[in-house]
Amino acid sequence: MNPDFADRQSPSIPSGGMSSVPLIVDDLSTAHGGPSGGYEDPLLAGLNPQQRIAVEYRGPALLIVAGAGSGKTSVLTRRIASLIGTREAWPSQILAITFTNKAAAEMRERVGALLGQTAEGMWISTFHSACVRILRREAENFGFTKSFTIYDSHDSRTLIKRIIKDLQADTYGFTVAGVAGKISKLKNELADADSYARTANFNDPQEELFVEIFRQYTRSLNAANAFDFDDLIGQTVYLFRAFPNVAEHYRRRFRHILVDEYQDTNHAQYALIRELTRPVTEGTGFDERSAGLPGASLTVVGDSDQSIYAFRGADIRNIVEFERDFPGAKTVLLEQNYRSTQNILTAANAVISNNFDRKDKKLWTDVGDGEKITGFTGYSGHDEAQFVADEIAKLHDSGTPYKDVAVFYRTNAQTRALEEIFIRSAVPYRVLGGTRFYERAEIKDVLAYLIAVANPRDALALRRILNTPKRGIGPATETALGFFAESNEVSYRDAMRRSTELGLGPKVTQAILDLATLLDEATEMIDPERNAGPVTVAEILTLLLDRSGYVVALRAGRDPQDEARAENVEELVAVTKEFQKNNPGGSLVDFLTEVSLVAAADELDDTSGTVSLMTLHTAKGLEYEAVFLTGVEEDLLPHRMSASEPGGPAEERRLFYVGITRARKRLYLSLAMTRAQYGETAVAMPSRYLQEIPAELIDWRQSPGMATSRGGTQPRALNANRSSGGGFASRTPSRASDSLSFTDRALPRVKAEWPNRVTAQVRDNGDLELEPGDRIRHTDFGEGRVNAVTGEGTKRVAHVQFDAAGSKKLLIKIAPIEKI
DNA sequence: TGCTAGTATATTTTT
DNA sequence: TATACTAGCA
């Protein structure tokens, strides 16, 4: 079994039994039959030789090249526990960087469990969280306050949009997306407006204008006491470089730095690590006892085959050139996989070996071949989704809990078909990422109120709430306030307080004053000097909602979605209460920070009992008993947009590889012949990567070859522009017969699978009553017999045995069925 | 100022 | 398809 998994299954300390050896809490020793007996260090129990080295090695720099599923999380956790357990380091001297907050929380818990106590003072967090913590502490050094706002990409774009409009830069062909992308890229390279200006060619009016946009953007952020996502890293690096005493403080503090998913670090993150691991030279500090110190020891873990974030500046060279960057570094290779079956690994190895310029690395396991990979080609995205839903139902019936099943896709848009079918088939699911809760307009509105209270300098937040709910304050007034603030060199909030000086209509002026008063009152509530008792976030939020009339206005709205929006706001109130429960002393700023930095994977709830749907990117670092990789088509995987980018197809292949290696026992690859994309349906071709998997590993329920020839006339030339082998599965001539035989095998099945075709219809059957024994007709599946009815009200589910399409579960209210 | 209806327009992945 | 933005009217 996989150590990662074993750890996760038993996060708490087992009560009974071997209490004399409290250190063995993550039953690794039993997990994969590790070395028995002896008085060996329990932290090493069950580890293979390479893993042991990775835990025990001590030196300035260690690179752990960890293939997928090689137990790296476990190794990292034990390494930290070992450092603390042997008293080589205090918990407070440890800084561990993970990719998500959830991974951080898990790691902290596991280290605590390994040590038998919670290790206070460790910093285990994401790059962004760690930087926010540092920045909040040091903000006053350089013109910010502790309560600065974190702008997400949406906020950045709003700001950029305004600047482009002000400068009329759109006439020069500047788009919001283009500018935002360029600024982000520059910031990831640690460039700022000034440094960029130095290299810019001012003969080019476009470039000059861009510099101006960049300057104004930076100025706006400063004025608003705000950082954007990229700033969080970049400004921390700047802080360390500009204030050596600040840097020294953190260098002295963090003696052991560990970074997970190192292959996905960008230049700014790399620079941050470099700054933190510099030696402290003697006498630089103000402290009398400031003796010199060598640089902190650095451990990085990663796998260049899993680098999938180049688009946001991740630089694979960081890991590839680690040994050169950190001379004397030790490298450990973890190749044994404890997660997947050999069939899955062989497929993964075969795919990734098509990427050139990589160090050859082969994952292996000793758990055996396992089952074959299942392949399926649907006629449409809905058909494919139906296949997934059916297979999930089968898995569930044979004892695989829903929570151990995941469905992956390349783009968020693909969720639509899946969701429609899942709802209809009564498969409980949860979509991670996508349009996130905190990105919804109503949530952003309400958060803007909180931000305006916490950070009075934030003009963006103020402008957002100025007329939400409607107060009769239009864009003209909004601009007037901004102009007033600028020309009098006061904050936007001040301008609101002094709105009587603007000579606006009495109604508008009063509306502005009322809002300003409300915000001032709320700000006073959180001021510890003026307010005796502690105030909870929920209290502030409730005050703001009540007095602003936001929810009331929503409820009064005519839009049918308004009710749902109001519920979302209620949900947010519940979130604040939950936050306060988990963080009794948590401030408003703490809450806003947490909200700003949630990652898609953080939304995962292991106890939910639902199937998880997510993009391949979100899937990184996770693992599931059964994995469905959907939409394995050209233009989707690899995505069309990536084709023209240098290194694009190779990165997409890594993405596919990441997806494959998430599966423990069962892997399903599916695609569709046609895919609906914004209204139109387009013909889809099987992904080139499918051919890279040896044919004998895949059991095609309905093969791409079959599906095409079924169409009758001219079979689509699947491989016309690819390998000359001819058959889809025949990469090598020797396999030609194989390809034939799998075609034969697939043939008789086609009939049975044909009824899988599904049309996208939404209907409402009202209170259709069904009882076991009833015969029904389904528009797609034909006639069948109801075996059972479960559930209540709108969630009643019929278990139907169809004559041709097999057994299915249908949500009675919306399934396209009628009683016969 | 606010609402409606129409058109445009974009669609990769995310902290 | 679904959202975003604009123009035009109340």
Side-chain angles (χ1 to χ4, degrees), chain A residues 97-104 125-132 150-154 156-158 161 165 170 175-177 180-181 184 187-188 227-234 261 264-266 268-269 307-314 381 408-414 416-417 432-436 438-439 441 467 469-478 504-505 507-508 511 557-559 561 593 595-602 614-620 631 635-645 648 651-652 654-656 658-659 675-682 760:
Chain A
I97 302 291
T98 60
F99 205 64
T100 64
N101 297 298
K102 184 164 186 283
S125 72
T126 63
F127 268 112
H128 289 84
S129 299
C131 286
V132 169
I150 301 164
Y151 281 1
D152 65 16
S153 8
H154 189 270
S156 301
R157 293 163 64 106
T158 308
K161 190 188 289 172
K165 205 170 172 190
D170 46 342
T175 62
V176 178
S184 172
K187 286 191 174 184
N188 284 334
F227 293 111
D228 66 20
F229 268 138
D230 303 311
D231 281 340
L232 296 179
I233 316 289
E261 306 286 7
D264 279 324
T265 51
N266 61 32
Q269 291 164 336
S307 164
I308 54 174
Y309 280 103
F311 72 92
R312 75 174 196 214
F408 302 154
Y409 37 81
R410 177 67 235 267
T411 68
N412 285 119
Q414 288 166 252
R416 193 160 306 146
L432 303 189
T435 327
R436 303 238 264 297
Y438 294 109
E439 282 165 15
N467 199 33
K470 302 267 183 290
R471 304 190 171 86
I473 306 172
T477 312
E478 189 191 320
L504 298 159
K507 258 174 86 179
V508 175
R558 295 201 316 281
D559 191 321
Q561 291 192 9
T593 304
V595 163
S596 304
L597 298 179
V598 283
D602 293 335
M614 70 191 85
T615 65
L616 285 165
H617 284 89
T618 304
K620 189 173 78 161
D635 289 347
L636 216 44
L637 189 71
H639 195 274
R640 188 185 299 120
M641 294 296 147
S642 72
S644 52
E645 289 163 22
E651 173 142 329
E652 299 281 307
R654 290 195 291 270
L655 205 43
F656 188 44
V658 166
R675 175 118 357 225
Q677 44 177 13
Y678 51 104
E680 302 300 290
T681 36

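Side-chain atoms are counted along with the backbone in the values below, which use heavy atoms only and exclude waters and symmetry mates. Naming convention: chains lettered A, B, ... in sequence-line order (proteins, then strands); numbering from 1 in each chain.
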Item checked: Any N/O donor-acceptor pair, A:His639 side-chain to B:dT12 base, under 3.5 Å -> no
Check: What residues, two or more places apart in sequence or in another chain, satisfy ring pair (Phe, Tyr, Trp, His ring centres under 6.0 Å) together with A:His639?
Finding: none
Next item on the list: Start with the C-alpha distance between A:Leu616 and A:Leu637, add both sets of side-chain angles, then the distance that settles side chain to side chain contact (heavy atoms under 4.5 Å, CB included), and finish with yes or no.
Entry: CA-CA 10 Å; A:Leu616 285 165; A:Leu637 189 71; 3.9 Å; yes
Next item on the list: Taking ring pair (Phe, Tyr, Trp, His ring centres under 6.0 Å) as the test, write out the residues that go with A:Phe408, two or more places apart.
Entry: none
Notebook entry, point to check: Is there a donor-acceptor pair under 3.5 Å between the side chain of A:Asn188 and the backbone N or O of A:Arg312?
Noted result: yes
Note to self: For a quick check of understanding: with a heavy-atom distance under 4.0 Å over all strands, which category does A:Ser642 fall into, base, sugar-phosphate or nothing?
What the structure shows: nothing
Next item on the list: Answer yes or no: is there a donor N or O on one side and an acceptor on the other, between the side chain of A:Tyr409 and the main chain of A:Met614, under 3.5 Å?
Entry: yes
Note to self: For the base of B:dT13 and the side-chain ring of A:Phe311, does the geometry meet a stacking cutoff of under 5.5 Å between centres and under 30° between planes?
What the structure shows: yes
Item checked: Toward the 5' end of DNA chain B, by each residue's nearest nucleotide, A:Arg157 or A:Tyr309 -> A:Arg157
Check: In whole angstroms, how far is the P atom of B:dT15 from the CD1 atom of A:Ile150?
Finding: 14 Å
Next item on the list: Check every strand shown and say whether A:Ala599 touches a base, only sugar-phosphate, or nothing at a heavy-atom separation below 4.0 Å.
Entry: sugar-phosphate
Next item on the list: Using whole Å, report how far CZ of A:Phe408 lies from C1' of B:dT12.
Entry: 17 Å
Note to self: Strictly under 4.0 angstrom, non-hydrogen atoms only: write out the protein contact profile of nucleotides 2-10 of chain C, one letter per nucleotide from the 5' end, B, S or -.
What the structure shows: S--S-----
Notebook entry, point to check: What's the CG-P distance between A:Asp635 and B:dT12, to the nearest Å?
Noted result: 13 Å
Item checked: Length of the line joining A:Glu652:CD and B:dT13:C1', which is rounded to integer Å -> 8 Å
Checklist line | Residues in ring pair (Phe, Tyr, Trp, His ring centres under 6.0 Å) contact with A:Phe99, at least two apart in sequence or another chain | finding: A:Tyr309
Next item on the list: Answer with yes or no whether A:Arg410 presents, from its side chain, a donor or acceptor under 3.5 Å of a partner atom in the base of B:dT13.
Entry: yes
Item checked: Residue list, salt bridge (Lys or Arg N to Asp or Glu O under 4.0 Å) with A:Asp230, at least two apart or on another chain -> none
Next item on the list: Could you tell me which residues satisfy side-chain contact (heavy atoms from CB on, under 4.5 Å) with A:Ala180, sequence neighbours excluded, listed by chain and number?
Entry: A:Arg157, A:Ile160
Item checked: Closest contact, heavy atoms only, A:Ile473 versus A:Val508 -> CG1-CG1, 4.4 Å
Nucleotide N/O to protein N/O under 3.5 Å, stretch nucleotides 2-10 of chain B:
{"unit_1": "B:dG2", "atom_1": "OP1", "unit_2": "A:Gly472", "atom_2": "N", "d": "3.1"}
{"unit_1": "B:dG2", "atom_1": "OP2", "unit_2": "A:Asn467", "atom_2": "ND2", "d": "3.2"}
{"unit_1": "B:dT4", "atom_1": "OP1", "unit_2": "A:Arg558", "atom_2": "NH2", "d": "2.4"}

Checklist line | salt bridge (Lys or Arg N to Asp or Glu O under 4.0 Å) partners of A:Arg675, counting only residues at least two apart | finding: A:Glu384, A:Glu633
Notebook entry, point to check: Excluding sequence neighbours, so at least two apart, what forms ring pair (Phe, Tyr, Trp, His ring centres under 6.0 Å) with A:Phe227?
Noted result: A:Phe144, A:Phe148
Next item on the list: Starting from P on B:dT14, measure out to CE on A:Met614 and report it in whole angstrom.
Entry: 11 Å
Margin query: Quick check for you: among B:dT14, B:dT12, B:dT1, whose closest atom lies nearest to any side-chain atom of A:Ala476?
Written below: B:dT1
Notebook entry, point to check: Which one, B:dT14, B:dT12, B:dT15, comes nearest to the side chain of A:Met641?
Noted result: B:dT12
Check: For atom P, what is the distance between B:dT13 and C:dA4, given to the nearest Å?
Finding: 15 Å
Item checked: Sugar-phosphate, base or nothing in reach of A:Asn412, heavy atoms under 4.0 Å -> sugar-phosphate
Check: With a 4.0 Å cut-off on heavy atoms, is A:Phe99 in touch with a base, just the backbone sugar-phosphate, or nothing at all?
Finding: nothing
Notebook entry, point to check: What integer distance in Å separates A:Arg312:CZ from B:dT15:P?
Noted result: 6 Å
Next item on the list: Name the nucleic acid region contacted by A:Thr618, choosing base, sugar-phosphate or nothing; use a 4.0 angstrom heavy-atom cut-off, strictly under.
Entry: sugar-phosphate
Item checked: Between C1' of B:dT14 and CD of A:Glu439, the distance in whole Å -> 9 Å
Margin query: How many whole angstroms separate atom CG of A:Leu597 from atom P of B:dT15?
Written below: 10 Å
Notebook entry, point to check: Is any side-chain nitrogen or oxygen of A:Asn101 closer than 4.0 Å to OP1 or OP2 of B:dT15?
Noted result: no
